[in-house]
Amino acid sequence: MAKKRFYITTPIYYVNDKPHIGHAYTTIAADVLARWHRLEGDEVFFLTGTDEHGAKVAQSAEELKKTPQQLCDENSKKFKQAFKNLNIDYSYFIRTTDQRHKEAVAKFMQKLWKNGEGDIYEGTYEGLYCTGCENFLTEKELIDGKCPNHLKAPEKIKEKNYFFKLEKYLPQVRELIEKDEIKIRPEDKKKETLGLFKQGLEDFSVSRERVKWGIPLPFDQSQVTYVWVEALQNYISAIGYGDNQKEFEKWWVETGPLHLMAKDILKFHCVYWPALLLAAGEKPPKEIFVHGFFTINGQKMSKSLGNVIDPEELVKKYGADATRYLLLAQFPFGQDGDIKAEKFDEQFNADLANGLGNLVSRVLNLVVKYNESKVPERDDSTFFVDKTGMMTISVKNGIVGGLSGTTAGGVWYMLDKLINRFDFSAAIDIIMQRVIKPCNQVIDNSKPWETWKTDKASWEKLMYTLLEVIRHMGWMIRPFMPNTSDEIFKQLGIPKEGQKILNAETMKWGGLPPGTKIKKGKILFPRM
RNA sequence: CGCGGGAUAGAGCAGCGGUCAGCUCGUCAGGCUCAUAACCUGGAGGUCGGGGGUUCGAAUCCCCCUCCCGCAACCA
């Protein structure tokens, strides 16, 4: 666990929509990674924010009789609030209407333009324009050749646009991806990206003439920068591009970003963005991780189907910690997965109430009942072996173990490996299978409710071990469930624990001082 | 042949060349009573979508087929 820097981003979310479960999912994952790295002592910059320009926002604002800026302010606030409710600890929340971002974009675009010598050229954009929407529509959006909102056929219109010479950079970007210098994960998403190259990619327009709500091109004020092109630049404007070279060097050049996102915006991030950066003379992103989509009860999540899950409802029902846990536990992070509302209740009860919560409760209760709430003396000579002969909880080497045949420290080792591989659901499973389950087994086999009377020495060994395992577990779940982690430490009587950093010292066996007065508190997760 | 993914116990998922194919939920039968009607033990339940091949050995690699799903400039 070397001390290093970690720069992680989520996409910035389009304010024309209120936060839904997908936004929450990506952001929670990013937060877990950020927290994990902070625990390891890394210096972390975790960026998220809102994307606020474009015709759609302007249009919605008009319908609501508001200025675009008003609408953006309101909706951006909703995202901030949603993230606060989910206990997201970002370093910086960028808004593309921030002055700083606008200036950075102007500088970036100017660099691409280079007084007409650069990689931007004038061209014509032709599309189907609906005067009602004041927007271009795609063929796909039309119903019977008509705009679905205004029920009339759009006109074919041409406008002057500036285009980016994407084709010039394609070979270079492709090579960078192939060599993993832009590391796209999971592997199948890398394949999918390379597939895009095979299918052919064309230069794309970077400006809009008719759209007013946006950032003007520095070299042609009559045009506004295409939202996507400008939005991508948040990743550099937020860390000082153009106005704080030192910070920019530190995070972009020396550290390099990990862009986290869902697969729908793969092309923008894996192709367009690196190409734009290269054209501007900047380093391409270091790593891009693309996760999957939800389906709800087997159906695609969409507003028109009305099956969108509001993260607020989940938080209201389960609390922030459990919501974070449940979302990440559903399926492997890199893949698509189906979500069913009943499954949340099911897993909440199984893992959190009956598993984690009940374990903490039963262990602390034994201490309250049979040892006057005091942590017993420590005894490292014991280790417990379950029926199959697997070493389940080992204090032999002073560290929590948990896997047959592996060295002590197995659980920590695996957790670190899995989280760094973005395999959150597997990491969660390790905690359930290798920590909580063995503890329950050991308790049942050892019958501490009898031995406190008949064999106090072995009772103490057992109980110290269990309490110390719970302390470790408090650390293990910390990135996923920070509040619960705090609460566990508090109940163990060591509230300061949560302020420490995870390292060889805190991970060592025996961090819980014997004699500590535990404070059995509220039930962590009341059953649904 | 547009690109990509998937098909494994009743349900949801892991495994991706080699211990009896695992886990969670459900189900059946026991046990325990410290705990949030919780926990523990055991059982039933799978010819790993179909066919062919490679291999000493395949759910795992290759080929073909069937069926689902996503993407192809709104949207995590």
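All values reported here derive from a predicted model rather than from experimental measurement. Note on naming: letters A, B, ... go to the chains in the order of the sequence lines (proteins, then strands), and numbering restarts at 1 for each one.
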Nearest-angstrom distance from the residue atom CG of D264(A) to C1' of rC3(B): 16 Å
Rounded to whole angstroms, how far apart are OH on Y370(A) and C1' on rU33(B)? 9 Å
Need one value for F525(A): base, sugar-phosphate or nothing, where a base atom within 4.0 Å counts as base even if backbone is also close, heavy atoms only. base
rG6(B) to rC16(B) separation - C1' atoms, rounded to the nearest Å: 14 Å
Does K160(A) have more than 12 heavy atoms from other residues, nucleotides or ligands lying within 6.0 Å of its NZ? yes
Which whole number of Å gives the distance between the P atom of rG45(B) and that of rC39(B)? 25 Å
Counting any heavy atom closer than 4.0 Å, what does F197(A) reach on the DNA or RNA strands: base, sugar-phosphate only, or nothing? nothing
With C1' as the reference atom in both, quote the distance from rG5(B) to rA72(B) in angstrom, rounded to an integer. 15 Å
Quick one: label P11(A) by what it contacts on the DNA or RNA (base, sugar-phosphate, nothing), any heavy atom closer than 4.0 Å. sugar-phosphate
Can you tell me if K18(A) has over 12 outside heavy atoms packed within less than 6.0 Å of its NZ? no
Please state the P separation for the pair rC32(B) and rC40(B) - nearest whole angstrom. 16 Å
Nearest heavy atom decides the nucleotide; on that basis, is E192(A) or D351(A) closer to the 5' end of RNA chain B? E192(A)
Counting only Watson-Crick pairs (N1-N3 plus N6-O4 or O6-N4) and G-U wobbles (N1-O2, O6-N3), all under 3.5 Å, who is the partner of rU54(B)? none
Under 4.0 Å between any heavy atoms, over every strand shown, what does W228(A) touch: base, sugar-phosphate, or nothing? Just pick one. sugar-phosphate
Check whether more than 12 heavy atoms from other residues, nucleotides or ligands sit under 6.0 Å from atom NZ of K456(A), and answer yes or no. yes
Which nucleotide, if any, forms a Watson-Crick or G-U wobble pair with rU60(B), using both distances under 3.5 Å? none
Taking a pair as Watson-Crick or G-U wobble with both distances under 3.5 Å, which nucleotide is matched to rC48(B)? none
side-chain contact (heavy atoms from CB on, under 4.5 Å) partner of T193(A), the single match among L266(A), V173(A), V290(A): L266(A)
Does any nucleotide pair with rU27(B) by Watson-Crick or G-U wobble geometry, both distances under 3.5 Å, and what is it? rG43(B)
Rounded to whole Å, please give me the gap between CD1 in I288(A) and C1' in rA76(B). 16 Å
At 4.0 Å (heavy atoms only), tell me whether K437(A) reaches a base, stays on the sugar-phosphate, or touches nothing. sugar-phosphate
In whole angstroms, how far is the P atom of rC40(B) from the CG atom of L466(A)? 13 Å
Base, sugar-phosphate alone, or nothing: which one does Q330(A) contact when heavy atoms must sit under 4.0 Å apart? nothing
With both distances under 3.5 angstrom, what nucleotide forms a Watson-Crick or G-U wobble pair with rC71(B)? rG2(B)
Electrostatic pair K78(A):E74(A) at N-O distance under 4.0 angstrom: no
Could you tell me the separation between the CD atom of E202(A) and the P atom of rA73(B), rounded to a whole number of Å? 11 Å
NA contact type, K263(A), heavy-atom cut-off 4.0 Å: base, sugar-phosphate, or nothing? sugar-phosphate
Which of parallel (below 30°), tilted (30 to 60°) and perpendicular (above 60°) describes F204(A) and Y272(A)? parallel
When we call it a touch if two heavy atoms are under 4.0 Å apart, what does A353(A) touch: a base, just sugar-phosphate, or nothing? base
How would you label the contact of L524(A) with the nucleic acid (heavy atoms, under 4.0 Å): base, sugar-phosphate, or nothing? base
Distance, rounded to the nearest Å, where L359(A) contributes CG and rC34(B) contributes C1': 11 Å
Side-chain N or O of N354(A) less than 4.0 angstrom from OP1 or OP2 on rC39(B)? yes
Using a cut-off of less than 4.0 Å, is there contact between a side-chain N or O of W449(A) and OP1 or OP2 of rC40(B)? no
rA9(B) and rA21(B), which share atom name C1', separated by this distance in whole Å: 11 Å
Shortest non-hydrogen separation from L47(A) to Y235(A) and the atoms involved: CD2-CA, 4.0 Å
Tell me the interatomic distance from D345(A), atom CG, to rG12(B), atom C1', rounded to whole angstroms. 15 Å
Upstream residue (5' side of RNA chain B) when H291(A) and N440(A) are each assigned their closest nucleotide: N440(A)
Could you work out the separation of rG52(B) and rA58(B) based on their P atoms and round it to a whole Å? 14 Å
Write down the distance between CD (Q433(A)) and P (rC25(B)), rounded to a whole number of angstrom. 9 Å
